[in-house]
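Here the structure is laid out as structure tokens; the discussion comes afterwards.
Throughout, protein chains are lettered first and strands after them, A, B, ... in sequence-line order, and every chain is numbered starting at 1.
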Protein chains: 2
Amino acid sequence: MLTSTQRQLLRVISGSGPLSRTDLALQMGLSKAAMSGLARDLIDLGVLHETETVYGQGRPSVLLDLRPECAFFVGVSLLEDPAPMVLSDLNGNIIARQTMPFSRDPVAIANLIKECLPKLLDGRPDIAEKLSGIGIALSGFVDEKQANCVQSTLLGWQDVPLAKIVSEKTGIETFIENDAKAIAVSEKLFGTAREMQNFSVVSLGDGIGCAHFVDGKLYRGNHGGAGEIAHCTIELGGLPCRCGKRGCLDTIASMKAIKEMSRAEGLSCTSISELEEVAAGGTASAIRILHKSGAALGLAIAHLIQMNDPGMILITHVEGSFDGLFGTVMQQSIEANVLPRYAGQTPIRTRLVDTDIWSRGAASIAAHNFLIGPNLN
Amino acid sequence: MLTSTQRQLLRVISGSGPLSRTDLALQMGLSKAAMSGLARDLIDLGVLHETETVYGQGRPSVLLDLRPECAFFVGVSLLEDPAPMVLSDLNGNIIARQTMPFSRDPVAIANLIKECLPKLLDGRPDIAEKLSGIGIALSGFVDEKQANCVQSTLLGWQDVPLAKIVSEKTGIETFIENDAKAIAVSEKLFGTAREMQNFSVVSLGDGIGCAHFVDGKLYRGNHGGAGEIAHCTIELGGLPCRCGKRGCLDTIASMKAIKEMSRAEGLSCTSISELEEVAAGGTASAIRILHKSGAALGLAIAHLIQMNDPGMILITHVEGSFDGLFGTVMQQSIEANVLPRYAGQTPIRTRLVDTDIWSRGAASIAAHNFLIGPNLN
DNA sequence: ACATTAAGTTCAGAAAGTGAACAAATCAAC
DNA sequence: GTTGATTTGTTCACTTTCTGAACTTAATGT
């Protein structure tokens, strides 16, 4: 087990990349003397290693970085059928992949994970030994201990202590997390948001997810519901939503809604890129749909910017959904609906989802708990 | 100067109210032994004192609380003309009041504060000695050091280092803060949000302000713009706003907007309570205005709840503005536009603004810096 | 009166951090 | 080249802070 000072050091390196002992001491508010011993201990433990040597005036500084192979993590996505499962190192590199059958039964899930583990770790006893945690991503609300699923419509769950069930079955510490929040953590640890203290992730898929990092920490909200942007009312008296309200963003800008609208308009498009193609051909109904949904998403994101002033918004999306009209309208809608003096001040980055996004996000939850630990103070 | 452990203790007491040494030790993750010395030091320093004795089984526990008279703070509001100025203790109790002429010139403001200080402290050398900070509340954007006003339309400022100017003139540590954020801090330290880790304040006045507390800390946003709810677009293509956009919440639900709308409708109402009266008499236009603005404010607050899931929303408002139609419609609009399963889960509290609200808020900024200190780690 | 219970104190020792002096490794200048 | 300047990183004696265990204190309950 690591001390809180050691954890703080890992957190700093994870957020800033490789640093010299002197820089680390400075950033952590410690003396060089304290840093010296701290670094030695963590190097001996195999968590840190010396990487590059930087030459300047005076004695060159030796950069310290995390040893990605000092700990490994398993990530499971309960968002797809079959459920993907990956083995990842501390840098988010994926070492191995498996899939397991999808199930809604917590105990069955635990059993499936247990059965799949040996396949994932096949022939790598060194890795098996350093397996430090399992992360599970799912659609639904998760408590702040990342242990219980408070509610999940997709899985039909209510207060399911999945983390405990899985960790008891496998003997490995397990954490669960909401899908969008898992992506946010993954981007903070492994992705483009490493050095960012405040940012939000909007995940655009069949549904729309969202998660916030505030002051370098995932913000979960008082009931775990922070980031429920999908059910902001965008169109008063709009279409009925699965949540019970009307005109939620989810009914206008989710992939599901877009597909439904195009079906209602008599278009035979099954993906957004097809719709973009039809729109490029000049079909008015396709253009109308893309306009409406792009503008709605942009408006919701503008609200988010106005409310929270994040340092960045990262939109994860599927192939082809952002190169055309939809993306353009959304961008314009954001710019038009934030304070003019802030327009363009919040970088909007987009990221194509790959097949590993959810399972890697799940693994990042376990990695996050390894690096940062349960209690941040 | 206090150590970081001492500050942590003050923070815990400030957030939870009086606690026994044993409880404090538990909450801070320290041993009873460490707590014993810590408490003795702070009592000797005059910061803590023993209050109630609680009897149970075993030796009774002695509750420790902050000594409100261990430090005093001055708060100045640059939101009113003339500018109110108060002297407050660590509990937010107001010891003395003064007013000073309003000015937009930073140096003149510093001089006015310096001149007014002796009047506030008149005949109380004991308090003068313990004066620990000056807080200034203003309308505009403030940097994260609470030292510089980045921009203020009302004051016509751009990058004004007001805190430094005032502290150099008066010799007392000075901090500035945005008006809504100052109210949020005041509510966290002195008011109804003491034990709340996540909450938002919406201040309803001529303009609409908003501020968020996240994980027990004021969240300022990446450019200091968190909480700019007033310029969320609520009505696409609505009335032009002073910010340059159209249909901002500010153009529909601020007191200024409501007064303007009633003027446009030929009503001679100069306050919201008059408008409520006319509406109660059955005048359609008055009812329409109150409906529209109440619904807009409710929708914006619903967005806030959906995005951030705060533990509470506190609305500060002026006399008469919340007892009638406006308040009712707003409440309904909130309930109708949040996820049905969350409806009613976020307490909406309202608080009548008194004449001291801004100046007390300003003083709370100084108190906050005394209690929590500049760096939270 | 006496056992039980829990709060708070004391004290020796462990743990973590500091400051100052020093060793090490380079650049720059003559 | 040699020398001096410069900066990194280490060592070591010392201080500060915290812990664990034993102890004292002040109540309740029987």
Side-chain angles (χ1 to χ4, degrees), chain A residues 1-13 16-67 372-373 375-377, chain B residues 1-13 16-67 372-373 375-377:
Chain A
M1 206 54 186
L2 302 176
T3 68
S4 82
T5 320
Q6 290 175 322
R7 282 241 153 80
Q8 194 195 344
L9 193 154
L10 299 191
R11 195 162 67 244
V12 169
I13 290 200
S16 313
L19 288 172
S20 70
R21 285 162 235 249
T22 307
D23 282 347
L24 278 169
L26 223 67
Q27 280 213 32
M28 294 175 62
L30 288 179
S31 64
K32 288 195 295 173
M35 199 61 231
S36 186
L38 205 59
R40 193 188 313 115
D41 291 350
L42 284 169
I43 290 172
D44 289 350
L45 276 170
V47 177
L48 289 185
H49 65 174
E50 303 190 332
T51 54
E52 212 182 330
T53 307
V54 177
Y55 299 87
Q57 216 169 21
R59 176 171 168 175
S61 56
V62 181
L63 303 192
L64 298 177
D65 200 1
L66 295 172
R67 267 196 3 147
I372 316 293
N375 51 342
L376 251 178
N377 296 339
Chain B
M1 207 53 187
L2 302 176
T3 69
S4 83
T5 319
Q6 291 175 321
R7 282 240 153 80
Q8 195 195 343
L9 192 154
L10 299 191
R11 196 161 68 243
V12 170
I13 291 202
S16 312
L19 287 173
S20 70
R21 285 161 236 250
T22 307
D23 282 348
L24 278 168
L26 222 67
Q27 280 214 30
M28 295 174 62
L30 288 179
S31 63
K32 288 195 295 174
M35 199 59 231
S36 185
L38 205 58
R40 192 187 315 117
D41 291 351
L42 284 169
I43 289 172
D44 289 350
L45 275 170
V47 177
L48 287 187
H49 65 175
E50 302 190 332
T51 55
E52 212 182 330
T53 306
V54 177
Y55 298 89
Q57 215 167 22
R59 176 172 169 174
S61 56
V62 180
L63 302 191
L64 299 176
D65 201 359
L66 295 172
R67 267 197 3 147
I372 317 293
N375 50 342
L376 253 176
N377 298 338

Is it true that a side-chain atom of B:Arg67 and a backbone atom of B:Gly46 form a donor plus acceptor pair closer than 3.5 Å?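 Yes.
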Between [N] atom [atom2] and [X] atom [atom1], what is the distance in whole Å?
X	N	atom1	atom2	value
A:Arg59	C:dT26	CZ	P	9 Å
A:Leu24	D:dT10	CG	P	12 Å
B:Leu64	C:dT9	CG	P	9 Å
A:Arg40	D:dT10	CZ	P	7 Å
A:Leu9	C:dG17	CG	P	11 Å
B:Gln6	D:dT16	CD	P	13 Å
A:Leu38	C:dA16	CG	C1'	10 Å
A:Tyr55	C:dA28	OH	P	14 Å

Using the side-chain heavy atoms of B:Ser36, tell me which of these nucleotides is nearest: D:dT11, C:dA16, C:dT10.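 For B:Ser36, the side-chain atoms sit closest to C:dT10.
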Can you identify which nucleotide, out of C:dA20, D:dG9, C:dG8, has its nearest atom closest to the B:Val62 side chain?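 Nucleotide nearest to B:Val62's side chain: C:dG8.
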Would you kindly compare A:Leu63 and B:Ala34 by the position of their nearest DNA chain D nucleotide and give the one closer to the 5′ end? A:Leu63
For D:dC18, does OP1 or OP2 lie under 4.0 Å from any side-chain N or O of B:Thr5? yes
Please determine if a side-chain N or O atom of B:Thr22 lies less than 4.0 Å away from the OP1 or OP2 oxygen of C:dG8. yes
Should B:Pro60 and B:Val54 count as side-chain neighbours, where that means a heavy-atom distance under 4.5 Å? no
Taking for each residue the nucleotide of DNA chain C with the nearest heavy atom, is it B:Pro60 or A:Gln57 whose nucleotide lies nearer the 5' end?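 Counting from the 5' end, the first nearest nucleotide belongs to B:Pro60.
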Assert: residue with more 5' nearest nucleotide on DNA chain C, out of B:Gly37 and B:Gly58, is B:Gly58
Could you grab the distance from atom NZ of A:Lys32 to atom OG1 of A:Thr22, nearest 0.5 Å is fine?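 So the gap between those two atoms works out to 5.5 Å.
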Measuring from A:Ile13:CD1 to A:Leu48:CG, what's the distance to the nearest 0.5 Å?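 One gets 5.0 Å once the value is rounded to the nearest 0.5 Å.
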